[in-house]
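Notes for the one structure printed next.
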Number of protein chains: 2
Amino acid sequence: MSEKLVKIDRIDRRILELLQKDGGLSNQELAEKVGLSASPCLRRVKALEEAGIILKRVTVLERKKLGLALTVIILIGMDRHTPERFEEFESRVAELSEVQECYLITGQDADYMLKVVIPDMDAYHVFLLNKITRIPGVSGVHSSFVLRRVIDSMELPLAYC
Amino acid sequence: MSEKLVKIDRIDRRILELLQKDGGLSNQELAEKVGLSASPCLRRVKALEEAGIILKRVTVLERKKLGLALTVIILIGMDRHTPERFEEFESRVAELSEVQECYLITGQDADYMLKVVIPDMDAYHVFLLNKITRIPGVSGVHSSFVLRRVIDSMELPLAYC
DNA sequence: ACAAACTTCGCAAACACTTTGCGCAGCGGT
DNA sequence: ACCGCTGCGCAAAGTGTTTGCGAAGTTTGT
């Protein structure tokens with residue numbers, strides 16, 4: 001992690017746009033799409049990785065094919081707002097593979113927002129009772145079930161660069 | 001999209017686990033990690049793609065390096081629950097590059113949950129006023145700001161397979 | 001229990017892509 | 001106009017991917 005500075009020009013932005021959408025693009029395909037030959041294109045991608053702008057590649061799987069039909073948004077309130085409570089909660093949540101996202105958030109109603117992926121209601125019931133409500137400090141839990149996935153990605157808006 | 005059936009054995013599961021974490025793994029590295037030679041490993045990955053279990057690869061970028069310091073969870077209520085309202089809302093939201101996630105959810109307080117990534121409060125203010133509240137039918141909007149990102153991934157739990 | 005049919009492996013050859021060194025062109029500052 | 005810097009493309013060398021094929025192990029049917 002040398003973390004050098006990189007000034008992102010039009011071509012870099014295009015590279016980031018394309019790679020965000022398709023991380024499986026070969027360097028050659030990418031080069032062609034941005035109008036460069038393979039070597040400068042690869043050097044740019046490497047530089048973006050060096051700079052820490054490109055973090056990693058991941059593979060996205062289809063949840064339904066894996067029997068994970070249910071996605072739940074959970075809002076959780078804590079009884080006391082002490083660092084110990086938060087640390088305990090966070091390390092316990094980090095152990096749970098069903099939790100895809102967990103954020104500490106502002107707001108009077110909730111302290112944490114979780115996104116959980118799980119096979120069905122039965123499994124969710126077990127998950128909630130045995131995993132979430134067992135964590136010390138958890139006082140209020142509100143579950144919202146996802147009916148429709150309008151947008152679900154990790155793409156960042158590059159328009160502000 | 002032939003979408004053939006695939007029975008996921010122990011090795012397939014391992015492949016999916018590894019690829020979820022690091023989509024940039026070469027087939028050779030992957031093969032070594034799962035204890036296979038390159039050719040059967042590649043054939044399995046291809047089969048998982050064919051079956052639609054592996055959806056795509058994406059590249060994850062570092063938001064802070066791109067000047068996107070703020071993440072907001074927005075809960076939105078609609079005035080009338082008609083299909084037209086929902087369709088209009090969803091197609092308008094799909095146009096907004098700042099919106100990373102958008103789900104139609106159950107619950108009395110809100111109809112939609114959005115996750116928005118944006119540079120700062122000023123930009124968010126503009127975004128909310130010019131983009132979100134302008135969409136017909138949006139009646140209640142509640143913003144929660146992300147203070148800490150405990151978990152943020154797209155990994156699915158493979159323990160249920 | 002045995003054989004046919006099927007599955008899945010590893011090896012090796014053919015092929016393709018990635019990666020590096022190098023020379024050249026364009027640009028900004030003096 | 002010249003020097004230095006940056007970034008490009010070409011080409012060669014190095015790696016990785018991909019395919020065909022025979023062997024080994026497993027299941028199915030008789």
Interatomic distance where CG belongs to A/L36 and C1' belongs to D/dG9 [whole Å]: 9 Å
Pick base, sugar-phosphate or nothing for A/S26, based on heavy-atom distances below 4.0 Å to the nucleic acid. sugar-phosphate
If you check every side-chain atom of B/Q28, which of D/dG16, D/dC8, D/dC21 has the closest atom? D/dG16
Please work out whether the ring planes of A/F86 and A/H81 are parallel, tilted or perpendicular, with thresholds of 30° and 60°. tilted
Nearest-Å distance, CG (A/N27) to P (D/dC8)? 12 Å
For B/I11 and for A/L42, find the nucleotide of DNA chain C with the closest heavy atom, then tell me which residue's nucleotide is more 5'. B/I11
Over 12 non-hydrogen atoms of neighbours within 6.0 angstrom of CD in B/E17: yes
Would B/F145 and B/I73 count as a side chain to side chain contact (heavy atoms under 4.5 Å, CB included) here? Give the steps. CA-CA 6 Å; B/F145 300 95; B/I73 306 295; over 6 Å; no
Between CZ of B/R43 and C1' of C/dT7 the distance, given in whole Å, is 11 Å
Rounding to an integer number of Å, can you tell me how far A/L48 CG sits from D/dG7 P? 12 Å
Nearest whole Å is fine: how far is D/dG25 C1' from B/D9 CG? 15 Å
Ignoring hydrogens and angles, state whether a donor on the side chain of B/K115 or B/Y103 is under 3.5 Å from an acceptor on the partner side chain. no
Can you tell me how far C1' of D/dT15 sits from CG of B/L25, to the nearest Å? 16 Å
Would you please confirm or rule out a distance under 4.0 Å between OP1 or OP2 of C/dC9 and any side-chain N or O of B/R44? yes
Which part of the nucleic acid does B/S39 contact within heavy-atom distance under 4.0 Å: base, sugar-phosphate only, or nothing? base
Testing C/dG10, C/dT7, D/dG9 for proximity to the side chain of B/K7, the answer is C/dT7
What nucleotide among D/dG20, D/dT18, C/dT18 has an atom nearest to a side-chain atom of B/K46? D/dT18
